[in-house]
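To start, the structure itself, in structure tokens.
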Amino acid sequence: MADPKKKGKAEGPVSYDPSFSKEVFEKVDYGEKIKMCMQCGVCAASCPLSMVMDYSPRKIFALIRAGKRSEVLSSKAIMLCTSCYSCKVRCPRKVPVVDVMHGLANYALKQGYVPREETALFGREFWKQILRLGRIDEKDLPRRYFFSKGIIPGIKKSMELADMGIVLMLHKRMKLLPERSVKGIKELRKMLEKASAMGNGGA
Amino acid sequence: MGDGKITQTILVVGGGISGLTAALEAAEAGHEVIIVEKNPYLGGKVTQLYQYFPKLCPPNCGLEINFKRIRSNPRIRFFTMAQLAGVSGSPGDFEVQIKISPRYVNERCTCCGECAKVCETEIPNPFNFGLDKIKAAYLPHEFAFPMRYVIDPSIVGTEEGKRVAEACSYGAIDLGMKEETLTLKAGTIIWAAGWEPYEASKIEYYGFGVYPNVINNIMMERLASPVGPTGGKILRPSDKKEAKRVAFVQCAGSRDENHLAYCSSICCLASLKQANYLMETSPEAAATIFFIDIRAMDRLEDFYTMIKANDRIRFIKSKIAMITEDEATHDLLVEGENTQTGEQVRERFDLVVLATGMAPNKVPEWLLPYVGLDEYGFVINNGSNKGVFGAGCVRRPSDVATSVQDSTAAALKAIQTIVRR
């Protein structure tokens, strides 16, 4: 594990610390695939969200190699990935960039980092609902997400998006009645628990 | 000493610079050689290049010397518009089938051009990759060897075909020619079938074949050539306007696990050279080379240093991830990430040249019992070859100088097969 106190004590202006790379290779899902990266930047330029990321995927991989543990694990970029798969399809070294980003986000949360609270909250509410119903309730999930930060921000956010909610209901994209759980919800929960124990979990 | 059963003829498949070299080296060492070439002319891709790197001299010069050596050497026979269609037997005693497509023009042709004058049908010019059109009765190119016209099959059997044949006062046009297959004996085979530029339309996000102003590097050679479709002016295909801002996109397909996993080795120098072509067209012209690494090895680094000194040629370390077209102007927007500064690149260009890599021409299934391939489809020359040897770009992506060396080596291996001392 990288010790932040040791940083900067090595000779020269930049100290490369391999311990974080090793940690990523061993503990992060698909982390080992980063070894293939040749820093060409195709992922960065293919990413529709790179303009709002603090570090492009390429930079994340460079930071891992440079041993910048806290920069990587507290980076918003690793939680902004929307799984559009453009990077994974184009990567000339066949690095599964999407999977690595999700792996990093998952690992960051486990390590107590919360790089992007909104994403983490939404993710938690999403999974709670999947475990409860086996599906997503289109009005219940946003409501729970909006109110997860407290009652007042919840009301505020709901008011902001009320117009859209009404339109969605008029077009029958959102039902008034609560969703029922899927058939065989107990079996689904067992499957999800097993998958979670196997480790390949997303953010 | 060789025994009586060993056929002393060497068959060379491919009449490009590699095949010509192997054939000449073997013939000048005293062996009978047959060249089989699929084009109507000899010289291969080299005939389509404007200049060689790093000397920036015309390739026709060296080809002319090779053609002169062929003309003065009775041991070499060659077939154009011909392909190897089958092989049987064993080293020292091969039986080979050669399929010859009809040219419809015999050796009486004087290249007077009367047939082309009466011909009205035009076809996309294969020599210029369809960048211009040519009459269906045509000379493949100005320096064609053999210097002889070709009649395109599209006018054979038509009224126009008859008029074209009648226009010839030398009786050189014979529209009754048919495809024929010859069966010959050969002691050994040199496979010098060459390469094709990687099919860039497979890299969907570059828009090759969709956007007219995205071309590949071998098309750029034709645009720069004074005898090419634009008379040496670098004009964009969409509107024939002079291209001032040109982007060179390196590793278009090469070093990419989804396309060609290997480095094609010549594209860096080819783009450096082509940026130099552009500099000569106009003092306003500017080139930008987008690269992963510039791989200019050994003495070729001097050429890189020379090109880098030109302040109208920019180098940006970025693999390009997207090319889109501005529909109104047909300008191209090129996007990537500058990996030295970390900034996003989004720039507008008149013309984009994809530095496509070299894909070896495929070895037919029936030849594989005699010669091995590596994981990328390149021919391996080692102890396991059974009388068939690769030469030039079928062995590895290489420049002309390396191909010539490799072909000389292949000629020696072939000679050893039939001499058996």
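Just so it is clear, the values below take in all heavy atoms, side chains as well, and ignore hydrogens, waters and symmetry mates.
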Query raised in the report: What's the spacing between A:Ser46 OG and B:Tyr205 OH if we round to 0.5 Å?
Result: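 Output value for this atom pair is 7.0 Å.
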Query raised in the report: Is it the backbone or the side chain of A:Cys91 that comes under 4.5 Å from a heavy atom of chain B, or both, or neither?
Result: backbone
Report task. Identify which part of A:Ser50 has an atom lying under 4.5 Å from any heavy atom of chain B, answering side chain, backbone, both or neither. Result -> side chain
Do other residues, nucleotides or ligands put more than 12 heavy atoms under 6.0 Å from [X] [atom1]?
| X | atom1 | value |
| --- | --- | --- |
| A:Glu117 | CD | no |
| A:Lys33 | NZ | no |
| A:Glu118 | CD | yes |
| A:Met191 | CE | no |
| A:Lys157 | NZ | no |
| A:Met164 | CE | no |
| A:Arg132 | CZ | yes |
| A:Ile151 | CD1 | no |

What residue, out of [options], has the most heavy-atom pairs lying under 4.5 Å from chain B?
| options | answer |
| --- | --- |
| A:Arg90, A:Lys94, A:Gln39 | A:Arg90 |
| A:Cys43, A:Pro92, A:Ala44 | A:Pro92 |
| A:Cys87, A:Ser56, A:Cys40 | A:Cys40 |

Query raised in the report: Listed by residue number, which members of residues 316-340 of chain B have a heavy atom under 4.5 Å from any heavy atom of chain A?
Result: B:Ser318, B:Lys319, B:Ile320, B:Ala321, B:Met322, B:Glu335, B:Gly336, B:Glu337, B:Asn338, B:Thr339
Report task. With chain A as the partner chain, list the residues of residues 250-277 of chain B whose heavy atoms fall under 4.5 Å from it, by residue number, and write 'none' if nothing qualifies. Result ->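 Near chain A, by residue number: B:Arg255, B:Asp256, B:Glu257, B:Asn258.
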